[in-house]
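Below is one structure; the comments refer to it alone.
Note that the numbering runs from 1 along the sequence shown for the chain.
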Amino acid sequence: MTSEQTQSINPATGEIIGNFPIQSTEELTHIIEKARQAQKEWQSTPLKKRIKRIRKIATYIFNNADRMSKLISEDNGKVMMDAFASEVF
């Protein structure tokens, strides 16, 4: 993994929200291949099991919508309601 980093900066305050690694072309190729493999596994997962997993994700999003909206707002400079409406739900 690369040690090169990029920062997410709140455009309203200039505050650093977090640091994130910059992926190389080789790392991205590997990540994409793993995603393709995961999709094949997902495709063979029985429908009832997929529905159960998606509901679990939806519940997590619902339970953390305020926190997610706040983070999106800070990262993009959007007002929280816009972040909530356009990116969370």
Side-chain angles (χ1 to χ4, degrees):
M1 184 182 282
T2 184
S3 61
E4 204 173 345
Q5 300 272 309
T6 189
Q7 296 178 327
S8 176
I9 299 173
N10 181 330
T13 65
E15 175 186 5
I16 297 171
I17 299 169
N19 296 301
F20 305 94
I22 297 174
Q23 305 296 331
S24 69
T25 302
E26 293 81 20
E27 289 168 326
L28 287 174
T29 301
H30 177 72
I31 290 166
I32 291 167
E33 183 55 38
K34 298 228 4 142
R36 286 186 177 133
Q37 291 170 6
Q39 193 284 326
K40 288 178 184 175
E41 289 177 31
W42 179 254
Q43 184 177 7
S44 65
T45 301
L47 180 60
K48 286 186 179 187
K49 193 170 186 178
R50 284 187 277 165
I51 290 169
K52 186 176 179 179
R53 289 182 185 174
I54 290 171
R55 284 188 176 148
K56 187 174 182 179
I57 293 166
T59 299
Y60 178 86
I61 292 169
F62 180 79
N63 291 337
N64 292 280
D66 289 341
R67 185 171 142 256
M68 294 170 72
S69 296
K70 183 178 185 295
L71 288 170
I72 293 166
S73 173
E74 290 174 353
D75 186 53
N76 295 312
K78 293 182 174 189
V79 295
M80 279 188 57
M81 185 54 81
D82 186 34
F84 179 83
S86 65
E87 299 196 37
V88 178
F89 284 100

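- Of the possible polar contacts, one joining the T29 side chain to the T25 backbone as a donor-acceptor pair under 3.5 Å is found.
- Shown here are the side chain to side chain donor-acceptor pair (under 3.5 Å) partners of D75, two or more places apart in sequence or in another chain: S8.
- Atom CD in Q39 sits 9.0 Å away from atom OG in S44 (nearest 0.5 Å).
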Validation: residues 77-89 side-chain donor-acceptor distances under 3.5 Å, sequence neighbours left out:
{"from": "K78", "atom 1": "NZ", "to": "S86", "atom 2": "OG", "distance (Å)": "3.2"}
{"from": "K78", "atom 1": "NZ", "to": "E87", "atom 2": "OE2", "distance (Å)": "2.6"}
{"from": "S86", "atom 1": "OG", "to": "D82", "atom 2": "O", "distance (Å)": "2.7"}

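- Contacts of F20 classified as ring-ring contact (aromatic ring centres under 6.0 Å, His included), with partners at least two apart in sequence or in another chain: none.
- For the atom pair CG (L28) and CD1 (I22), the distance works out to 11.0 Å, reported to the nearest 0.5 Å.
- Under the 4.5 Å side-chain heavy-atom criterion for grouping Ile, Leu, Val, Met, Phe, Trp and Tyr, I16 is not connected to I72 through any hydrophobic cluster.
- In summary, of the residues considered (Q37, R50, K49), a side chain to side chain contact (heavy atoms under 4.5 Å, CB included) with W42 occurs for R50 alone.
- Hydrophobic clustering (ILVMFWY, side-chain heavy atoms < 4.5 Å, transitive): L71 and I61 are in distinct clusters.
- Looking at heavy atoms from C-beta onward, E74 lies in side-chain contact with K70 at the 4.5 angstrom threshold.
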